[in-house]
Amino acid sequence: MNRASMIPLVLCVRSGASFASFRLETEPQRTVLDLLERLRADDERVPAYRHSCHHGSCGTCGAVISGLPSLMCLTTAADLSAPRPRRPGGPAVDPERDSGGAVIVTLEPLARMSVVSGIAVRPGPVFAGIPRDASYLAAADDSGRSPLPPDPAGARVGQGNVGSGHEGDSWRPIGRARFEACIECGLCVAACPVSLPFIGPAALAAVNRERQKRPERAAAMLAIAAAPDGVEPCGRFLACSRVCPQAVYPGKHIQLLRNVLADGQR
Ligand code: SF4
Ligand code: FES
């Protein structure tokens, strides 16, 4: 790597009431999670953090990165050295730099979650409102947003809600279902400015998806949405939809629930 393209950073990682700071130079494509892993290999001062998959699918590595709830495994040094919002929906602004020109990056735990240590949080209680027996297979009409490849000639179509099946000597896609997009990362919950008792955007998105997919459970899902901590406290700030890394658009689901509840009252 050409030295001129290296990016100098100062990572300031929350540790209780203070920050632990680390200065380093990195290639632009390195993610925040890559950098923490590299630092941790030989510096025991690195505060605790959570991660698993390293590719945006497990939802465990959320943190507030320089003001914006984000996944550490999808946020690169290049992202952080370019203009970027400091809050959901805010204008993109130049990064803060120290006197030596290094980009100052703050890492803090997601809001509304109990901190275990460093920036590692315990997210479980935040998702208490998600129906535990909800189906995690999306309805077929969702396939247009993220289509599977077309079935090859002769593949068995419609043999259950699975994404692949064995056909001869090769694995081929069958059917059109896909799994729900939400990875339960909690970024939407951390970004939401509503502080009243509120089951939150991720739970309400799950409630609406369950209502859409399983008509026999619609009444139960609408009862959750109509409760005092359901859709009513939402102030339509849309911070949830802006930070969601999976394009779930929780704000859209909350509005759909509102519409259905209003129709039922007419
Ligand atoms: S709705 Fe989006 S931001 Fe919220 S938990 Fe699911 S994936 Fe994360
Ligand atoms: S480590 Fe799995 S989403 Fe980031």
Side-chain angles (χ1 to χ4, degrees), residues 13 29-40 46 48-65 68-77 79-80 85 87-89 107-113 116 118-132 134-138 142 145-146 178-194 198-213 221 224-225 230-231 234 236-257:
V13 189
Q29 74 274 19
R30 294 288 171 212
T31 68
V32 172
L33 183 55
D34 291 337
L35 300 179
L36 286 178
E37 296 279 77
R38 192 168 98 192
L39 286 167
R40 193 181 61 149
V46 177
Y49 54 94
R50 294 176 76 224
H51 71 90
S52 182
C53 70
H54 281 245
H55 59 254
S57 68
C58 73
T60 60
C61 71
V64 179
I65 304 179
L68 200 62
S70 314
L71 292 181
M72 295 194 294
C73 69
L74 296 185
T75 306
T76 65
D79 297 332
L80 295 167
R87 59 181 169 79
L107 301 180
E108 299 183 80
L110 293 179
R112 297 167 189 274
M113 308 203 188
V116 178
I119 58 171
V121 296
R122 187 179 289 112
V126 174
F127 302 106
I130 295 180
R132 282 298 102 192
S135 163
Y136 272 77
L137 272 176
D142 238 10
R145 193 174 71 76
S146 182
R178 68 176 181 80
F179 287 98
E180 287 287 1
C182 178
I183 55 174
E184 298 185 7
C185 64
L187 300 190
C188 57
V189 176
C192 178
V194 173
F198 179 40
I199 64 171
L204 286 169
V207 163
N208 189 49
R209 294 296 295 124
E210 187 71 352
R211 177 191 68 82
Q212 292 171 322
K213 288 181 293 183
M221 295 301 108
I224 295 172
V231 297
C234 170
R236 297 182 173 89
F237 298 103
L238 298 183
C240 53
S241 294
R242 291 193 170 103
V243 299
C244 177
Q246 289 289 100
V248 170
Y249 298 114
K252 175 193 74 176
H253 289 284
I254 294 172
Q255 189 56 45
L256 287 171
L257 286 167

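We count ligands from 1, going down the list as the structure has it; atoms in each ligand are counted the same way.
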* Structure fact -> Shell check on atom 8 (Fe) of ligand 1: protein N, O or S atoms less than 2.8 Å away are Cys185 SG

* **Shortest non-hydrogen contact between Leu110 and Pro69, atoms and distance** => CD2-CB, 4.3 Å

* Ignoring hydrogens and geometry, is there a side-chain-to-backbone donor-acceptor pair from Arg242 to Phe237 under 3.5 Å? -> yes

* Relative to the heavy atoms of Pro250, which atoms of ligand 1 are at a distance of less than 4.0 Å? -> 1 (S)

* Donor-acceptor contact present, side-chain Ser70 to main-chain Leu68, <3.5 Å -> yes

* **Member of Lys213, Gln255, Lys252, His253 meeting the side-chain contact (heavy atoms from CB on, under 4.5 Å) criterion with Asn208** => His253

* Exam field: side chain Ser52 to backbone Cys58, donor-acceptor pair closer than 3.5 Å -> no

* Metal site atom 2 (Fe) of ligand 2, protein N/O/S atoms found under 2.8 Å -> 2

* Asked: Atom CG in Leu71, atom NE2 in His51: separation rounded to 0.5 Å?
  -> 13.5 Å

* **Derivation of the side-chain contact (heavy atoms from CB on, under 4.5 Å) call for Val46 and Leu36** => CA-CA 7 Å; Val46 177; Leu36 286 178; 4.2 Å; yes

* Asked: Are any side-chain N or O atoms of Ser241 and backbone N or O atoms of Gly251, one a donor and one an acceptor, separated by less than 3.5 Å?
  -> yes

* Atom pair CG/SG of Leu33 and Cys61 - distance to nearest 0.5 Å -> 6.0 Å

* To do: Spell out, as yes or no, whether a donor-acceptor pair under 3.5 Å connects the side chain of Arg112 to the backbone of Cys192.
  => yes

